Every structure is written in C-alpha cells, then in structure tokens.
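Below is one structure, written out as structure tokens; the observations come after it.
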Number of protein chains: 2
Amino acid sequence: MYVYIMYSSELIKGTLKTIVLKLLSDNQKMYGYEITQKVKELTGDKIQITEGALYPSLHSLEAEGILSTETVNIGKRVRKYYSLTKKGKSTSREKVSEFADFMNTMKFLLDIKPQLG
Amino acid sequence: MYVYIMYSSELIKGTLKTIVLKLLSDNQKMYGYEITQKVKELTGDKIQITEGALYPSLHSLEAEGILSTETVNIGKRVRKYYSLTKKGKSTSREKVSEFADFMNTMKFLLDIKPQLG
DNA sequence: GTTTAATGCATAATACTCTTATGTATTAAT
DNA sequence: ATTAATACATAAGAGTATTATGCATTAAAC
C-alpha cells in the first residue's frame, strides 16, 4: 500500500482509507496527488502512499458513496478532487475513532509486563 | 487474520506477527491455542486471532529462524510450544519499537487540525 | 451415556489489499 | 533538450487474512 522509508510493509497495511478520510475531513477537498504529498510531508517521509494503492482505494470509496468527485481542468492537465459525502463524514469519524481505540488496545497489548507464575 | 467483535478487518491487518512476538518475549514459551486465548483475554475479545491466520504465521516465523518449537504430549493430545530464538528476541524488540513509532506517526496524522487558508 | 463445547493441531480455496511495473500526458526545471 | 515533477490510471503478481474444513482428544452439559 505504501512505500515506507521507515515502516515495514505489513505494519502499515489497512490504514490507507483511514488516513485518506481523516485528511479529507480536515481539508474539504483534495486530489490524489495532493494526498500523497500531504502524507509524505506530514510524516517526514515515513509513510509514502503509492499511486497503485491510492487510486483504486479512492475509486472504491467513491463507489461506496463515501466520496464524491469534481473534475477540474488546470490548463491542459486534469485534477480530480475528492470530498466527503454526508455518509463519508460519519464514516470518517467512525474510522478515526475506531483506529484510536485500536491503538489503545495495541498499546496495552505491547506494553504488558512479563507474566509471573 | 482475526475475528474482531470490535475492529474492522482491514484496520488490524499486519499486526499479527508483532503481537505474537511480544507475547513470546513476555512468556518464554507458548502454544498456538494459548496465544489465541491470551490475546482474546487481554483485549476483552476485541482482537480474536483465527487459527487460519495464526498457524501459517507461526510456521513462517519458524522457517525464518525467529521461533523454535518443542512438541509436548499432554495425555494423547499434542502441544507445540513456540519460543523466541536469539534472532527472534531482537526481531521482537525491533517489531515492537517499530510499531510504537508507527503509532506515534499515526496519532499525529489523525489528530491534525483543519488546515486554514 | 451421549451430545456439545472446548482444546489443539493443520491446510486449502477464496478474497482482499498492497507492491511493482507500466502507460499516457502536461508542465516546470536543468 | 532532457529530466523531474505533476496527475491520472490499470494490470500482474505477491502477501496476508477470512472462511471453511478436517481430524482428534478431553471436559462439560443434558
């Protein structure tokens, strides 16, 4: 899903949609390339979303009615802006809070001290 | 990989090996079924490792030289205990700290405030 | 006492998601 | 004039998990 100068492949799996939905909840509308750059920038290159992972994911989110699109011509170049639908806004909140909960669970699980006896 | 009364499938992907390695670093040796029960117990049923995910994963970790095995007969039933090799101990530390780092990155990414302007 | 649930291993078909590679095209930088 | 960056897209392959089985023993429930 990503290229990770830092994180191993398997570790990061499954977080793409959550990241995308969170960025879109903060930014109104964004286009694919912009998302890749934003994530790269915000994570100091630790997470780099690849296009091969992002575009299919955006398409499926649109097909699910979570994202809507708006195509804009910038000179002769095309940009496809994505934004959250009403459904998408609640999905975004759910995904982020679910992930936050999951992080708490994992934090506990990975901090557990040696079992005695 | 898991059944999750609580977490969605994609969210949890990729954490299985980290969880297993952490449990084994705290418990010396454990067998497969024991691992599934321990994770279930420690997470209040939020993460339930399925056998179809766990056993192939344990086998591949063994093949990589990260785990070693010891088969014990309990009556007529067989238990296969897994423990970390020397290599496995350092792999376990690396995986856990990598995940901790990843959680920090994600926490930042998912907490970012609306972009102005 | 007999059926069900729990313990304990294992694998195979399917599905899903990501990686890697490729393709097209425009615009900016060297 | 070439390379890098911008901007989209898809397809082949790989990896991992889900779901469904399968076998067998032991404990619990009825």
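Here the structure is a predicted model, which means the values were calculated and not measured.
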Tell me the interatomic distance from B:Ile49, atom CD1, to D:dT19, atom C1', rounded to whole angstroms. 17 Å
Rounding to 0.5 Å, atoms CD (B:Glu34) and CD (B:Gln37) come to a distance of 9.5 Å
Quick one: list whatever passes side-chain hydrogen bond (donor to acceptor under 3.5 Å, both in side chains) with A:Ser83, sequence neighbours left out. A:Ser68
Only counting residues at least two apart or in another chain, list the ones meeting side-chain hydrogen bond (donor to acceptor under 3.5 Å, both in side chains) with A:Ser90. none
Write down the protein N/O and nucleotide N/O pairs, taken from nucleotides 10-12 of chain C, whose separation is under 3.5 Å; answer none if there are no such pairs.
from: C:dA10; atom 1: OP1; to: B:Lys80; atom 2: NZ; distance (Å): 2.9
from: C:dA10; atom 1: OP2; to: B:His59; atom 2: NE2; distance (Å): 3.1
from: C:dT11; atom 1: OP2; to: B:His59; atom 2: ND1; distance (Å): 3.4

Quick one: does A:Leu61's side chain get under 4.5 Å of A:Thr91's, heavy atoms only? no
If the condition is side-chain contact (heavy atoms from CB on, under 4.5 Å), which residues does A:Thr36 pass it with, not counting sequence neighbours? A:Tyr33, A:Ile49, A:Leu54
Got a list of protein N/O to nucleotides 27-30 of chain C N/O distances below 3.5 Å?
from: C:dT27; atom 1: OP1; to: A:Lys76; atom 2: N; distance (Å): 2.9
from: C:dT27; atom 1: O4'; to: A:Arg77; atom 2: NH2; distance (Å): 3.0

B:Thr43 (side chain) donor-acceptor with B:Val39 (main chain) under 3.5 angstrom: yes
Tightest non-hydrogen contact, residues B:Gly32 and B:Leu58, listed as CA-CD1, 4.1 Å
Ranking A:Ser57 and B:Gln37 by the position along DNA chain C of their nearest nucleotide, the one closer to 5' is B:Gln37
Before accepting this row, confirm whether a basic side-chain N of the pair B:Asp111/A:Lys22 lies closer than 4.0 Å to the acidic partner's carboxylate O. no
Whole Å only: how far is the CD1 atom of B:Ile35 from the C1' atom of C:dC9? 13 Å
Please round to the nearest 0.5 Å and tell me the distance separating atom CD1 of A:Ile19 and atom CD1 of A:Ile47. 4.5 Å
When the distance from CG of A:Asn73 to C1' of D:dA7 is rounded to whole Å, what number comes out? 12 Å
In whole angstrom, what separates B:Leu61's CG from D:dG15's C1'? 14 Å
Each base of DNA chain C marked ( ) or [ ] if paired in-strand (Watson-Crick or G-U under 3.5 Å), | if paired to another strand and . if unpaired gives ||||||||||||||||||||||||||||||
Could you tell me the separation between the CG atom of A:Leu54 and the P atom of C:dT20, rounded to a whole number of Å? 16 Å
Are any of A:Tyr31's side-chain N or O atoms less than 4.0 Å away from OP1 or OP2 of D:dC8? no
Residue pairs, two or more places apart or on separate chains, that pass ring pair (Phe, Tyr, Trp, His ring centres under 6.0 Å) and touch residues 37-65 of chain B: none
Nucleotide D:dT19, atom P - distance to CD of B:Gln48 in whole Å: 12 Å
Are A:Val72 and A:Val78 connected, step by step, through hydrophobic side chains (Ile, Leu, Val, Met, Phe, Trp, Tyr) whose heavy atoms are closer than 4.5 Å? no
Without swapping roles, check the side chain of B:Asp101 against the backbone of B:Ser97 for a donor-acceptor pair under 3.5 Å. no
For DNA chain D, the residues among residues 62-71 of chain B that have a non-hydrogen atom under 4.0 Å from it: none
Pairs in or reaching into residues 63-89 of chain A: which pass salt bridge (charged side-chain N to carboxylate O under 4.0 Å, His left out), with residues at least two apart or in two chains? A:Lys17-A:Glu64, A:Lys29-A:Glu70
Only pairs at least two apart or in different chains count here, so list each ring pair (Phe, Tyr, Trp, His ring centres under 6.0 Å) that has a residue in residues 72-94 of chain A. A:Tyr31-A:Tyr81
Using whole Å, what does the distance between atom P of nucleotide D:dG15 and atom NZ of B:Lys17 come to? 10 Å
